[in-house]
Protein chains: 2
Amino acid sequence: MTTSASADIRDTRARLLDAAEAVFMACGYEGASMRQITGDAGVNLAAGHYHFGSKEALFEAVLNRRLHVLNQERLRVLDGLEAKANGAALKPSQILDAFFGTLLRMAIAHGDRGQTFLRLIGRTFTEPAEFIRTVLSEEFADVLERYKAALFRALPEVPKEEIIWRFHFMLGATSYTIAGTDTLRLVTDWQTGAADDDLECLLPRLMSFLLGGLRAPLPATASPVPQPRGNCRTRRKKP
Amino acid sequence: MTTSASADIRDTRARLLDAAEAVFMACGYEGASMRQITGDAGVNLAAGHYHFGSKEALFEAVLNRRLHVLNQERLRVLDGLEAKANGAALKPSQILDAFFGTLLRMAIAHGDRGQTFLRLIGRTFTEPAEFIRTVLSEEFADVLERYKAALFRALPEVPKEEIIWRFHFMLGATSYTIAGTDTLRLVTDWQTGAADDDLECLLPRLMSFLLGGLRAPLPATASPVPQPRGNCRTRRKKP
DNA sequence: GTCTATACCCTGATAGAC
DNA sequence: GTCTATCAGGGTATAGAC
C-alpha cells in the first residue's frame with residue numbers, strides 16, 4: 001500500500017508533465033488550458049496547481065525536464081570535441097553537429113515523446129509571453145556562450161557580429177522546422193508520414209544548409225538596396 | 001455631418017485594425033483579448049464584433065490588409081524579372097531578393113507600422129491555431145508556387161525536394177528573425193536601438209546567409225549519424 | 001501530504017436600447 | 001451605427017475534505 005501510494009505521487013506528476021507537454025505543443029502556451037491538461041492526465045484540475053503552483057510553473061517544468069539534459073549533453077559533447085582537438089580550433093561542421101545534431105539525435109532516441117518535445121521547443125522560441133523568454137534565455141545562457149566562443153575560434157576571419165547574426169539565422173531555420181507547423185504547406189508529407197524517418201532525413205539536409213549559410217561570403221558593407229544610407233552599424237575592423 | 005459620419009466609420013475600422021495589429025503582435029492570437037484591442041482603439045467592445053464579426057475574422061483582416069499587397073508586389077517583381085530575363089533562368093540571388101527583399105523593403109517603407117506587421121507575420125507563421133494556418137496557406141499559395149518554380153529553373157542541378165526543404169529553412173530563418181522575439185538574447189541591441197537602421201542592416205546579412213544555404217553542397221545520401229538505417233526517402237533520380 | 005469542490009474573474013459573444 | 005447590459009464558458013486560485 002505504502003509503496004503504491006508513493007508510486008502514485010510520482011505518477012501524478014509524470015502524467016501531468018506528459019499531458020502538459022502534448023497540450024502545450026498542440027495549442028501553444030496561451031491556447032492550452034489547465035482543464036484540458038489535467039483532464040488528459042486523469043487528475044483533478046486543482047491537482048495541477050498543487051504539484052506545480054501555476055500554469056507558468058507547469059510550463060517551465062515541462063521545458064526544463066528535457067531541456068536541461070539536452071543542454072548538459074551539448075556541453076558534454078563540446079567538451080569532448082575540444083579535448084580531442086587538443087587546443088586547435090574545431091571545424092564549423094563539428095560545432096553545428098554538436099549543437100543541432102545532438103538536439104535531433106536525442107529527439108529520435110526518445111521516440112514519439114522526443115518528437116513532441118522537439119515541436120514544443122521549436123514553437124516555444126517564438127512564444128510572446130515574457131516569462132517564457134526569460135526561462136529560455138536563462139536555460140540557454142551557458143550553452144550559447146560556449147558555442148559562440150567555439151564558432152568565434154573556428155571562423156576567425158568572420159566578424160563576431162556576423163557570426164552572432166548567423167547563429168540567430170541558424171536557430172530560426174532549425175526551430176521553425178522542428179516546430180513542424182509547416183504553415184505554408186511547403187513540405188506536404190512532413191508530420192503525416194513516419195516521423196522517425198523524416199527526422200533522420202532532416203539532419204543531413206539541415207546541416208548542409210546551415211553550414212552553407214554559416215560559411216557564406218560576407219555581405220558587402222554597401223547594401224545592395226537601391227538607396228544605401230550608409231549608416232549601417234557594421235564594423236570592418238576589430239576594435 | 002454626413003461626410004464626417006462616413007469618415008468616422010472608416011476611422012473606426014482602421015483604428016481597430018491598427019490596434020489589433022499591435023496587440024496581436026505583442027501577445028499572440030490567443031494571448032490577445034478583444035477588450036484590450038477595442039480599448040486601445042478607443043471604441044466599444046461590441047464595435048469590434050459589429051465590424052468584423054469575431055476575433056478570428058479580425059485577425060484574418062489584420063493579416064490580409066498588408067499581406068495581400070505584399071504578395072501582389074512579390075508577384076509583380078517576379079514578373080518583371082522574368083520579363084527582363086527573356087526566357088532565361090533567373091539567378092538565385094534575384095529570386096531571393098524579390099521574395100525576402102520585397103518583404104523587408106516594404107516594411108521599411110511603412111515605418112513603425114511596417115515594423116509591427118513584420119514582427120506579427122513572423123510570429124504568425126508559428127501560431128498553432130488551425131484557422132491561422134489555413135489563412136496563411138491560402139494567401140501564400142500562388143506566390144509560393146511561382147517562386148518555387150523560379151527556384152527549380154534557377155537550380156536545375158538541385159533535386160526539387162531539396163529546394164523545397166531549403167525554401168523551408170529560409171522561411172524559418174527569416175520569420176524567426178523578423179518575429180524579433182530574440183528568445184535567446186543573442187542579438188542584444190535588436191529591437192532596442194533604431195529599428196530602421198537594424199532593418200537596413202538585416203537585409204544584406206540575411207541575403208548572404210540564405211544564398212549560402214541555398215547553394216550549399218548537397219548532403220550525402222548516407223547520413224552522418226552513427227547508425228544509418230538507410231531508409232531515407234531521398235530520391236537520387238527523377239521519377 | 002494528496003486531492004476535491006467551489007468561488008472568482010475574465011473571455012468572446014449577443015440582445016436590445018438609443 | 002453605436003453602446004450598455006448581460007450570458008455562458010473557461011482559467012486560475014483558494015479553502016477545506018480525506
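The figures that follow rest on heavy atoms only: side chains count, while hydrogens, waters and symmetry mates do not. A, B, ... follow the sequence lines: proteins, then strands. Residue 1 opens every chain.
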Inset, instruction - Considering just the side-chain nitrogens and oxygens of B:His49, establish if one lies under 4.0 Å of OP1 or OP2 belonging to C:dA13. - result: yes

Legend entry - Length of the line joining B:Phe52:CZ and C:dA13:P, which is rounded to integer Å: 13 Å

Inset, instruction - Check whether any side-chain nitrogen or oxygen of A:His51 sits under 4.0 Å from OP1 or OP2 of C:dG1, and answer yes or no. - result: no

Legend entry - Residues within residues 25-37 of chain B bordering DNA chain C, heavy-atom distance below 4.0 Å: B:Ala32, B:Ser33, B:Met34, B:Arg35

Inset, instruction - Determine: side-chain N/O of A:Tyr50 to OP1/OP2 of C:dC3, distance under 4.0 Å, yes or no. - result: no

Legend entry - Side-chain donor or acceptor of A:Ser208 paired with backbone N/O of A:Arg205 under 3.5 Å: yes

Inset, instruction - Counting heavy atoms from C-beta on, name the nucleotide in D:dT2, D:dT12, C:dA13 closest to the side chain of B:Thr12. - result: D:dT2

Inset, instruction - Identify whether NZ of Lys or CZ of Arg in B:Arg74 sits under 6.0 Å from the centre of the six-membered ring of B:Tyr147 and within 45° of that ring's axis. - result: no

Inset, instruction - Look at A:Arg13 together with A:Asp18 and state whether they make a salt bridge at an N to O cut-off of under 4.0 Å. - result: no

Inset, instruction - In whole angstrom, give the distance that lies between atom CG of B:Leu45 and atom P of C:dG16. - result: 18 Å

Inset, instruction - Please state how far atom CG in B:Leu58 lies from atom C1' in C:dG12, giving the value in whole angstrom units. - result: 12 Å

Legend entry - Minimal non-hydrogen separation, B:Ala57 against B:Phe52, with atom names: CB-O, 3.1 Å

Legend entry - A:Glu127/A:Arg133 ion pair, N-O < 4.0 Å: no

Inset, instruction - Would you confirm whether A:Arg15, through its side chain, and A:Ala41, through its main-chain N or O, come within 3.5 Å as a donor-acceptor pair? - result: yes

Inset, instruction - Using whole Å, report how far CG of B:Asn44 lies from C1' of D:dT6. - result: 13 Å

Inset, instruction - Find the bend of the helix from C:dG1-D:dC18 to C:dC18-D:dG1 as the angle between its two terminal axes (five pairs each), to the nearest 10°. - result: 0°

Legend entry - Residue pairs fulfilling ring-ring contact (aromatic ring centres under 6.0 Å, His included) with at least one residue in residues 102-129 of chain A, sequence neighbours excluded: A:Phe125-A:Phe140

Inset, instruction - Just call it for B:Ala46: base, sugar-phosphate, or nothing, with non-hydrogen atoms closer than 4.0 Å on any strand. - result: base

Inset, instruction - Starting from P on C:dT11, measure out to CZ on B:Phe59 and report it in whole angstrom. - result: 18 Å

